[in-house]
Visitor: 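My questions will all concern the structure given below.
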Amino acid sequence: MQTPKTEPKKRRFKMPSAYTILFMIITLVAILTWIIPAGAYNTDKAGNIIAHTYKSVTANPQGIWDVFMSPVYGMIGNDHTEGAISISLFILVIGGFLGVVNKTKALDDGIGAVVRRYKGKEKRLIPILMILFALGGTTYGMAEETIAFYPLLIPVMIGVGFDSLTAVAIILVGSQIGVLASTVNPFATGVASQTLDLSMGQGIFPRLMLLVITLVVGIWYVYRYASKVEKDPSKSAVYEQRQEDLDRFSVSDADEAGTMTGRQKGVLALFGLTFLLMIIGLIPWSTINDKWTFFETATKWLAGIPVLGNILGSDMVPMGDWYFSEITMLFLLMSVVVMFVYKMKEADFINAFIGGMAEFLSVAIIVAVARGIQVVMNDGLITDTVLHWGEMGLKGLSESVFIIITYIFYIPMSFLIPSTSGLASATMGIIGPMGKFAGVDGSVVITAYQAASGWVNLITPTSGVVMGALAIAHINISVWWKWIAKLMIYLFIVSCVFLGILAIL
């Protein structure tokens with residue numbers, strides 16, 4: 001008797017990891033150093049390239065040794081490229097800070113408290129929660145952290161007459177619009193700014209405007225849909241599974257959540273204060289107005305007080321002049337403050353801090369690997385050649401056209417390299433200087449990159465956040481794409497118009 005032949009399972013294509021993609025790009029760039037002519041620009045005392053000074057130089061093609069050394073130099077730096085150690089360390093410390101805060105469950109129970117407070121008025125929760133999630137996205141790139149909120153919010157939204165898609169939209173659209181208009185997001189704004197040697201505070205006010213505009217569009221879109229479903233449940237994009245959702249999710253679970261202790265409220269206050277201090281410290285106040293020297297004066301006064309000045313530290317850097325070293329210190333300090341406020345045991349604090357750092361280790365490493373691309377290009381002496389080609393190609397191109405092309409360029413790049421920090425490290429060293437040739441400020445280029453990355457984060461199937469959220473809600477991604485399509489068009493148009501105007505101001 002013949003046994004039936006079993007057909008071999010077809011292997012589905014699986015997108016390689018960001019690390020593999022970046023190493024492939026590094027290898028490709030190394031090969032290009034054998035093909036692209038070497039060249040260099042003259043630079044001023046500050047190290048900025050001087051346009052129209054390009055000249056050919058002796059080639060320095062990169063080999064296998066250089067390919068595998070590039071991530072090492074990408075982290076520690078060499079004579080031609082600044083290392084990513086400062087931003088990588090900051091990412092690890094902010095991971096530790098978030099690990100300590102999450103240990104207190106202050107963020108989880110804070111959202112639960114808001115839900116509980118507005119019980120019976122759930123439609124008002126839509127703008128409130130979307131604003132909260134957007135604040136998380138714009139300040140620290142809130143993404144994976146949102147996964148914990150879906151099981152809490154989905155039962156509430158279904159129980160009051162909305163649907164599971166409404167809950168997913170509140171969290172996902174809210175947080176990723178925040179990422180789209182990142183103000184001080186260390187994983188996007190921070191990495192990109194450090195690559196261009198800019199302060200994270202530069203360009204913060206236009207990004208706040210973009211955040212308000214895009215968030216208003218997002219809230220209107222979600223609120224309008226929720227209102228339709230509330231009036232007529234058959235208008236739901238997931239109406240076919242409504243009964244299953246009613247059976248699957250229990251509202252009682254959400255009702256039990258939300259009671260906050262006094263210590264947790266204190267942690268939340270410290271959490272908000274930390275990001276507020278970071279923002280204040282990064283904004284270059286004296287460059288905005290020569291008379292805004294309050295922080296310099298206050299710091300000198302404190303440092304000059306006998307004994308107290310020495311206790312506080314004579315080398316204190318005034319707010320407004322902060323950079324990655326100072327904000328890394330801030331998050332380290334506030335982690336310790338949270339420990340004391342919450343009365344956390346020393347062992348629990350260390351475990352939470354180290355655990356939080358561990359969760360962000362891959363992000364910290366990917367920044368160094370991505371910086372390796374710049375290392376190979378700089379050591380291979382082809383960076384200035386590529387910039388020269390860009391300079392020639394940008395002749396006669398208006399600022400608005402350049403920035404819109406940059407925004408469109410970053411959309412497929414965001415699919416190719418899903419990591420925002422990795423994408424910034426890999427590309428900003430080239431695109432930023434090209435912007436200078438076109439007369440576009442580096443902060444505007446950063447805004448374009450962030451807008452494209454956040455836009456893609458709403459729909460990409462390579463994102464664990466998108467796929468995880470839809471899996472929890474039992475929503476097919478094709479349903480999500482169909483529902484969000486119009487919003488994507490609106491956000492695309494708004495971003496292009498905003499960037500086009502910003503580039504010429």
Side-chain angles (χ1 to χ4, degrees), residues 46 82-83 85-101 104 106 135 138-140 182-187 189-191 193-194 196-205 207-208 262-344 346 349-350 352-353 356-357 443:
E82 184 179 359
I85 183 66
S86 60
I87 182 64
S88 293
L89 179 60
F90 173 61
I91 288 171
L92 290 175
V93 172
I94 197 175
F97 171 77
L98 293 173
V100 173
V101 172
T104 69
L135 289 174
T138 194
T139 52
Y140 71 94
S182 292
T183 49
V184 290
N185 176 0
F187 311 109
T189 317
V191 177
S193 298
Q194 195 252 12
L196 296 183
D197 197 25
L198 298 175
S199 166
M200 281 174 64
Q202 193 167 331
I204 192 171
F205 295 115
R207 290 176 198 136
L208 281 170
R263 294 179 189 175
Q264 286 178 315
K265 291 177 181 178
V267 170
L268 273 184
L270 289 171
F271 182 82
L273 177 63
T274 303
F275 282 96
L276 178 62
L277 290 174
M278 181 181 74
I279 293 169
I280 294 173
L282 289 169
I283 294 176
W285 299 103
S286 58
T287 61
I288 298 172
N289 189 318
D290 293 337
K291 297 180 180 179
W292 291 356
T293 58
F294 170 79
F295 293 113
E296 288 91 339
T297 304
T299 302
K300 287 181 181 178
W301 177 73
L302 284 171
I305 298 175
V307 182
L308 179 62
N310 291 329
I311 292 173
L312 292 175
S314 58
D315 295 328
M316 287 186 295
V317 177
M319 291 182 127
D321 293 335
W322 283 14
Y323 205 46
F324 281 99
S325 296
E326 290 75 26
I327 58 177
T328 301
M329 176 276 298
L330 172 66
F331 280 95
L332 179 61
L333 170 64
M334 296 306 283
S335 298
V336 176
V337 174
V338 167
M339 177 187 72
F340 283 110
V341 169
Y342 193 72
K343 297 183 179 179
M344 190 182 297
E346 185 262 353
F349 168 77
I350 295 298
F353 192 87
M357 291 180 74
S443 65

Visitor: At what distance, to the nearest 0.5 angstrom, does CD1 of Ile94 lie from CG of Asn185?
Guide: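 Those atoms lie 8.0 Å apart.
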Visitor: Please report the shortest heavy-atom distance between Leu332 and Val93, naming the atom on each side.
Guide: N-CG1, 3.7 Å
Visitor: Taking the side chain from Arg207 and the backbone from Ser443, do they hold a donor-acceptor pair closer than 3.5 Å?
Guide: yes
Visitor: Does any part of the side chain of Pro318, heavy atoms only, come nearer than 4.5 Å to the side chain of Phe294, both counted from C-beta?
Guide: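 Result no, sub-4.5 Å side-chain heavy-atom pair not found.
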Visitor: Give the intermediate values and the outcome of side chain to side chain contact (heavy atoms under 4.5 Å, CB included) for residues Met319 and Thr299.
Guide: CA-CA 8 Å; Met319 291 182 127; Thr299 302; over 6 Å; no
Visitor: Which of parallel (below 30°), tilted (30 to 60°) and perpendicular (above 60°) describes Phe97 and Phe271?
Guide: parallel
Visitor: State the CE-CE distance between Met339 and Met334, to the nearest 0.5 angstrom.
Guide: 13.0 Å
Visitor: Check the pair Thr189, Ser182 against side-chain hydrogen bond (donor to acceptor under 3.5 Å, both in side chains), reporting the backbone distance first and the verdict last.
Guide: CA-CA 7 Å; Thr189 317; Ser182 292; 4.6 Å; no
Visitor: Output the distance between atom CG (Leu330) and atom OG (Ser325), rounded to the nearest 0.5 Å.
Guide: 12.5 Å
Visitor: Calculate, to the nearest 0.5 Å, the distance between atoms OG1 and CG belonging to Thr297 and Leu302 respectively.
Guide: 11.0 Å
Visitor: Enumerate, atom names and distances included, each donor-acceptor pair closer than 3.5 Å involving a side-chain atom of residues 263-270, sequence neighbours excluded.
Guide:
residue	atom	partner	partner atom	Å
Gln264	OE1	Thr261	N	3.1
Gln264	NE2	Thr104	O	2.8
Gln264	NE2	Lys105	O	3.4
Gln264	NE2	Asp109	OD2	2.9

Visitor: Return yes if some donor-acceptor pair links the side-chain N/O of Thr183 with the main-chain N/O of Leu208 below 3.5 Å, else return no.
Guide: no
Visitor: What heavy-atom pair brings Thr138 and Leu135 nearest, and what distance separates the two atoms?
Guide: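 So the minimum-distance heavy-atom pair works out to CG2-O, 3.4 Å.
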Visitor: Any chance you could measure Glu326, atom CD, to Phe90, atom CZ, to the nearest 0.5 Å?
Guide: 11.5 Å
Visitor: Who pairs with Ser88 by side-chain contact (heavy atoms from CB on, under 4.5 Å), at least two apart in sequence or on another chain?
Guide: Met75, Ala84, Ala364, Val367
Visitor: What residues form a side-chain contact (heavy atoms from CB on, under 4.5 Å) with Ser86, not counting sequence neighbours?
Guide: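 So Ser86 forms a side-chain contact (heavy atoms from CB on, under 4.5 Å) with Gln194, Phe324.
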Visitor: Taking the side chain as everything from C-beta on, heavy atoms only, tell me whether Leu98 gets closer than 4.5 Å to Phe353.
Guide: no
Visitor: Where do Asp321 and Glu296 come nearest, in terms of heavy atoms and distance?
Guide: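 Closest pair (atom of Asp321, atom of Glu296, distance): OD2-OE2, 4.2 Å.
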Visitor: Show your working on side chain to side chain contact (heavy atoms under 4.5 Å, CB included) between Phe349 and Tyr342 and close with a plain yes or no.
Guide: CA-CA 10 Å; Phe349 168 77; Tyr342 193 72; over 6 Å; no
Visitor: As an exercise, state the distance from OG1 of Thr328 to CG of Leu333, rounded to the nearest 0.5 Å.
Guide: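 Interatomic distance, Thr328 OG1 to Leu333 CG, rounded to 0.5 Å: 12.5 Å.
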Visitor: Check whether any side-chain N or O of Trp322 sits under 3.5 Å from a backbone N or O of Met278 as a donor-acceptor pair, and report yes or no.
Guide: no
